[in-house]
Structures are given as C-alpha cells and as structure tokens.
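A short worksheet on the structure shown next.
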Amino acid sequence: MSRWLWPIGSLAVLAGIWWLAAHFAPVRNLPPPEQVFAVMIEEAQSGELFRHIAATLARVVAAFVLAMGIGTAIGIFLGRSATANRFFDSWLIFALNMPALVTIVLCYVWFGLTEAAAVLAVAINKIPNVAVTIREGTRALDPGFDEVAQVFRIAPLKRLTAIVYPQLEPYIAAAVRSGLALIWKIVLVVELLGRSNGVGFQIQLYFQNFDIARILAYALAFVIVVQLIEWLLIRPWERHARRWRLEASHAY
C-alpha cells in the first residue's frame with residue numbers, strides 16, 4: 001500500500017500547484033482542474049473521449065510492437081557483432097538525429113494519408129532508440145552463460161529464450177518505458193497532421209477554437225491511460241527483471 005502513497009501524494013501536490021496557478025492566471029489560458037475534469041466527464045458521457053482514446057491507443061500499440069520487434073533484433077545483432085556495429089553505428093546515429101516531424105511528413109508524402117503510413121512513421125522514429133538500448137544490454141551479457149550453452153549444446157532458440165532474454169529483460173523494460181512515453185507523443189503529432197480521429201486530431205480541432213479546457217481534458221485523459229499502463233504492467237515487469245538479475249548475482 002505504501003508503494004502507491006508516494007505517486008498519489010506527488011500527483012496531489014501537482015494538482016494543487018495547478019489549482020493555485022489557475023487562480024492567478026486568466027481562466028481562458030489556464031482553466032482550473034475542476035473545470036477540466038468536468039469537461040472530461042462530459043466528453044466521456046458522450047462517448048467521444050473513449051472513441052478517440054481507443055483510436056490513439058491502437059496506433060500506439062501497433063507502432064510500439066513494430067518498433068520493439070525490429071529495434072530489439074537490430075540491437076542484438078549489433079551487440080553480438082563488433083564488425084556490424086562499426087559499420088552500422090553511423091547509420092544508427094543518423095536515424096537517432098532525424099527529426100520526427102520530417103519522418104512523419106515523408107511517410108505521408110510517400111505512402112499517402114493512410115493508417116499504415118501513420119504507424120510506420122511512429123515506428124521508424126522509435127526503432128533507433130530501442131536498438132541503442134538493446135545493443136548496450138547485449139554488450140553487457142555474461143559470457144559465462146554462453147560458455148554453459150556451448151558445453152551443453154543448447155539449441156539457439158532455447159539459448160535466446162532461457163539465457164539471452166532474461167539478461168536483456170532490464171534493458172527491454174527500459175526501452176519499453178522510454179518507448180511508450182515517446183511513441184504516444186509522436187502519435188499525437190501524426191494524428192494532428194494527417195488523421196481524422198484520435199487525441200491528436202481532437203487537440204488540433206480544439207486548438208482552432210482556443211478551447212484550452214478540452215485540449216487539457218483529452219491530453220490528461222490519455223496521460224492517465226499511459227500512467228495506468230506504467231503502474232500496472234511496466235513496473236511489475238521491471239521488478240521481476242531486477243529480481244532475476246539479483247538472484248543471478250547471488251548465484252555467483
């Protein structure tokens with residue numbers, strides 16, 4: 001129970017700061033929390049809030065799975081092969097420094113204003129970050145486990161699932177956490193530029209009307225969704241990953 005008190009208390013303090021700031025700023029520029037939550041409830045009752053959050057969440061999941069799968073494969077490959085890493089390292093740096101906006105615009109120009117182009121643009125922006133994180137984790141793999149696998153002639157697939165993956169789990173968890181935070185922000189830009197639904201589309205619509213309360217309501221609603229994913233899925237998995245590494249270190 002105490003594990004939940006700190007984040008809840010911290011968020012309560014943040015809400016208090018927001019409430020105080022709203023009373024010193026014009027309501028049009030910074031509506032107070034109670035007004036934003038009232039708008040959120042109104043949008044939820046109409047069904048619009050859930051419809052647009054579902055559309056954004058579907059794009060986030062699709063881009064996330066694509067980026068994690070490709071990025072993890074690239075990271076393991078570069079971490080295992082020093083030659084490949086030397087050759088492709090400059091490519092990776094180039095991809096890391098490519099602005100997300102440029103990638104999104106190019107995907108829309110090349111593939112049209114389609115759902116596939118939107119998901120691809122988001123995934124391309126995240127793949128290099130995943131690859132770098134997993135590459136560093138692969139470099140840190142304990143060579144002793146590889147020697148055991150060779151002695152007992154463990155099959156490659158079994159070696160990957162039973163030896164490599166558990167050691168990479170903390171790095172994968174780090175990539176998941178940073179990836180989730182980055183991907184949903186890029187998805188909003190993708191929706192703002194070229195989709196007809198989603199949280200980003202709604203924010204763009206209400207920006208044209210200067211409706212700050214609804215902009216904050218949609219943004220806050222999706223932040224709550226992402227925070228729940230963090231608390232209920234990512235943190236428990238991260239604790240499991242750390243426990244495995246701790247048990248392995250005690251074994252030595």
Side-chain angles (χ1 to χ4, degrees), residues 1-61 63-64 97 99-105 118 121-122 125-126 129 174 176-236 238:
M1 182 64 182
S2 60
R3 189 171 71 242
W4 297 95
L5 291 179
W6 281 104
I8 292 173
S10 177
L11 291 175
V13 171
L14 181 61
I17 294 172
W18 175 10
W19 184 83
L20 288 173
H23 279 71
F24 288 101
V27 175
R28 182 177 177 83
N29 294 337
L30 185 61
E34 60 269 21
Q35 181 180 340
V36 173
F37 280 106
V39 170
M40 193 185 301
I41 292 172
E42 178 186 333
E43 291 290 313
Q45 289 175 339
S46 69
E48 286 296 293
L49 181 67
F50 297 116
R51 183 171 73 86
H52 290 289
I53 284 181
T56 298
L57 193 58
R59 294 181 185 115
V60 167
V61 171
F64 176 80
N97 288 282
L101 183 60
V102 174
T103 306
I104 294 167
V105 170
V122 179
N125 279 288
K126 181 55 190 170
N129 301 82
V176 166
R177 170 175 287 175
S178 63
L180 191 62
L182 178 64
I183 282 176
W184 86 266
K185 295 170 187 174
I186 300 176
V187 165
L188 295 192
V189 179
V190 167
E191 292 174 343
L192 188 147
L193 292 176
R195 305 312 301 143
S196 59
N197 58 9
V199 174
F201 172 78
Q202 288 297 91
I203 289 175
Q204 182 248 154
L205 178 66
Y206 292 128
F207 166 73
Q208 295 176 359
N209 298 326
F210 297 100
D211 192 337
I212 305 298
R214 277 181 164 74
I215 290 174
L216 290 176
Y218 273 89
L220 187 60
F222 202 77
V223 168
I224 291 172
V225 172
V226 175
Q227 192 67 60
L228 288 174
I229 294 173
E230 164 78 15
W231 284 345
L232 300 178
L233 297 178
I234 297 178
R235 289 193 180 181
E238 197 172 34

Is there a side-chain contact between Thr56 and Phe201 (heavy atoms, below 4.5 Å)? no
Who passes side chain to side chain donor-acceptor pair (under 3.5 Å) against Glu43, sequence neighbours left out? Arg214, Tyr218
Give me the atom names and distance for the closest heavy-atom approach of Leu49 to Ala221. CD1-CB, 3.8 Å
Is the backbone of Asn125 close enough, under 3.5 Å, to the side chain of Thr103 for a donor and an acceptor to pair up by distance? no
With a 4.5 Å limit on heavy-atom distance, are the side chains of Glu230 and Leu180 in contact? no
Any chance you could measure Leu232, atom CG, to Gln227, atom CD, to the nearest 0.5 Å? 10.0 Å
Indicate yes or no: at least one non-hydrogen side-chain atom of Leu30 is less than 4.5 angstrom from one of Ile212. no
For the pair Leu216 and Val39, evaluate side chain to side chain contact (heavy atoms under 4.5 Å, CB included) and give the outcome as yes or no after the intermediate values. CA-CA 9 Å; Leu216 290 176; Val39 170; over 6 Å; no
Sequence neighbours excluded, which residues qualify as side chain to side chain contact (heavy atoms under 4.5 Å, CB included) partners of Val223? Trp184
Could I get the full list of side chain to side chain donor-acceptor pair (under 3.5 Å) partners for Gln45, not counting sequence neighbours? none
Picking from Arg59, Gln202, Glu191, what satisfies side-chain hydrogen bond (donor to acceptor under 3.5 Å, both in side chains) with Asn197? Arg59
Is the closest side-chain heavy-atom distance between Phe207 and Leu192 below 4.5 Å? no
Val225: partners by side chain to side chain contact (heavy atoms under 4.5 Å, CB included), with sequence neighbours left out: Ile53, Leu57, Ile229
Compare every heavy atom of Pro31 with every heavy atom of Trp18, then report the nearest pair and how far apart it is. NE1-O, 3.1 Å
Shortest non-hydrogen contact from Gln35 to Ala213? NE2-CB, 3.9 Å
Under the side chain to side chain contact (heavy atoms under 4.5 Å, CB included) criterion, do Lys126 and Ile186 qualify, and how do the steps go? CA-CA 9 Å; Lys126 181 55 190 170; Ile186 300 176; 5.8 Å; no
I want to check something: taking the side chain as every heavy atom from C-beta on, are Phe222 and Ile203 in contact at a cut-off of under 4.5 Å? no
Not counting sequence neighbours, which residues clear salt bridge (charged side-chain N to carboxylate O under 4.0 Å, His left out) with Glu34? List them please. none
ring-ring contact (aromatic ring centres under 6.0 Å, His included) contacts touching residues 19-48 (sequence neighbours left out): Trp19-His23
What is the minimum heavy-atom distance between Pro32 and Ala22, and which atoms define it? CA-CB, 3.6 Å
Check His52 against Gly198 and note the closest heavy-atom contact, atom names and distance. ND1-N, 3.0 Å
